[in-house]
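Everything on this sheet refers to the single structure shown next.
Chain A is the first sequence line, chain B the second, and so forth, proteins listed ahead of strands; every chain is numbered from 1. Hydrogens, waters and symmetry mates play no part in the numbers below; they use all other heavy atoms, side chains included.
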Protein chains: 2
Amino acid sequence: MTKAPISQSQTLCDSCLPAVTQKQEQILQGAMRVFLKAGYAGTSMDRVSAEAGVSKQTIYSHFQDKKGLFKALMEWVTIASFSRFFDVEQLQGEPAVLLRQVAETYFTKVADHPDYIALLRLVVAESEHFPELAKLYTQTVIQRGHQLLSQYFVCHPELGIADPEATTHIFFGSLVSHVMVQEMLNGNETMPLARDRLLDNLVNLVLAQTKNVRLH
Amino acid sequence: MTKAPISQSQTLCDSCLPAVTQKQEQILQGAMRVFLKAGYAGTSMDRVSAEAGVSKQTIYSHFQDKKGLFKALMEWVTIASFSRFFDVEQLQGEPAVLLRQVAETYFTKVADHPDYIALLRLVVAESEHFPELAKLYTQTVIQRGHQLLSQYFVCHPELGIADPEATTHIFFGSLVSHVMVQEMLNGNETMPLARDRLLDNLVNLVLAQTKNVRLH
DNA sequence: GTCTATACCCTGATAGAC
DNA sequence: GTCTATCAGGGTATAGAC
């Protein structure tokens, strides 16, 4: 971990790759608050203009229309906020500890941010009407995490991971669906499962392959 | 498997638990087509009335308002369509074969139905505005499947499953997130992973605990 | 119970003053 | 570039005839 400031005071993004003017960022910040809460169809341009503190026409002068604003927003949020999450994590140390660290990074740095839940919800919700945004999300967020863990498995054959890619899907898939069921669908009320308990079993399962290898 | 007819010609439901009149079912069928495709905010009552072939007022006489219609629809679809999926499946036979059967039941009977994808998408999308529907979904659909597999693990201690509940979360979580990423978010284009490959590894991982037990 | 017609509000998008 | 004012269209919900 570098000594980068932990404060995420500016809601979600601070270092934004897409070049945006100060006014555009002001609009996008307001648009984010509305779109993430109300969804695409549930968002009105009036509401966005009020939330951003600008007039409607100002929005239309910077972005073609509602669709254009939405696409620009999603690119902005997705690219800017997740480009650093699993960036240059030091992938070394005891495998069991390392896997827990990766998982806990996902939990604390991603899943615990309400904006992430809202973003995931929105991407899923609009995945039919805006498939290109779903694709952007998978490439920018999901694939990034997968490649990192998958490469780690490949570079450490002593772990005996039979299929790094598939194992990665199982690992992150369990984490994502856990967050989805527990946090988004309120499963914590009727079928709760503590994160630690999931992690204990998940790490054990993945590293069980190691033991079998050693017994050969 | 009983000799129940496989034909699901009536879109999603045929035997419906909630008592509905013929007219109400006509309305719900139309509402389903619109809501599942356009989402809640994207659905207009005009569109529903046109799709159902009734007047708008007829809808308002049977259901309080748009919200009431939506809730009634979701209960109808959720309860009616999933009450039989994992019903009295014969949970016996070779564990590796059995686990694959459960997974393939999920894939072919659930995930391959476009309506299921749309329903899951809609539940996720509206999980903030309609948390009670998300809860209904988890209780009716997710919990049902979980209890079945979890009980199987409990009743077969020779498998050496350390934590049946957590293992079940990992098992179904991997399946659900796979469907979500591959089918809904178009991950099959940029990060494809065949179902068989996922299943091979998933079953191996879960049953690896069995081998370790035998070695004791 | 069901349909036609309509009231009333808010939406996305535009035109013109500054 | 930015704002105020406005348009045309479609939204939810209701009223009254059959």
Pair B:Ser55-B:Thr58, side-chain hydrogen bond (donor to acceptor under 3.5 Å, both in side chains): steps then yes or no: CA-CA 5 Å; B:Ser55 77; B:Thr58 303; 2.9 Å; yes
Stepwise side chain to side chain contact (heavy atoms under 4.5 Å, CB included) test for A:Thr138 and A:Gln143: CA-CA 6 Å; A:Thr138 54; A:Gln143 227 172 352; 5.6 Å; no
May I ask you to decide if the ring planes of B:Phe35 and B:Phe70 are parallel, tilted or perpendicular, using 30° and 60° as cut-offs? tilted
Touch check for B:Asp46, heavy atoms < 4.0 angstrom, all strands: base, sugar-phosphate only, or nothing? base
Can you find a side chain N or O atom of B:His62 that sits less than 4.0 Å from OP1 or OP2 on C:dT2? yes
Would you say B:Thr58 places a side-chain N or O within less than 4.0 Å of OP1 or OP2 belonging to C:dG1? no
Just how far, in rounded Å, is C1' of D:dT14 from CZ of B:Phe63? 19 Å
Without decimals, in angstroms, what is the distance between A:Lys66 NZ and D:dG9 C1'? 14 Å
Out of C:dT6, C:dG12, D:dC3, which nucleotide sits closest to the side chain of B:Lys56? C:dT6
Output the single nucleotide from D:dT2, D:dA13, C:dG12 whose closest atom is nearest the side chain of B:Asp65. D:dA13
Just verifying a value: how many Å separate B:Ser44 OG and B:Glu51 CD, rounded to the nearest 0.5 Å? 10.5 Å
In whole angstrom, what separates B:Leu69's CG from D:dG11's P? 15 Å
Whole-Å distance separating the CZ atom of A:Arg47 from the C1' atom of C:dG12: 16 Å
Distance, rounded to the nearest Å, where A:Gln57 contributes CD and C:dA17 contributes C1': 13 Å
Starting at atom CD1 of A:Ile59, determine the distance to atom C1' of D:dC3, rounded to an integer number of angstrom. 12 Å
Below 4.0 Å: OP1/OP2 of D:dG11 and any side-chain N or O of B:Ser44: yes
Can you figure out which of D:dA13, C:dT2, D:dC3 approaches the side chain of A:Ser55 most closely? D:dC3
Integer-rounded Å distance: D:dG1 P and A:Gln26 CD: 14 Å
Considering every strand and a 4.0 Å limit on heavy-atom distances, what is the contact class for A:Thr21: base, sugar-phosphate, or nothing? nothing
Reckon B:Ser49 touches a base, only the sugar-phosphate, or nothing at all at heavy-atom distances under 4.0 Å? nothing
Rounded to the Å, how far apart are A:Met45 CE and C:dT14 P? 10 Å
Name the orientation class of the two ring planes belonging to A:His146 and A:Phe172 (parallel below 30°, tilted from 30 to 60°, perpendicular beyond 60°). parallel
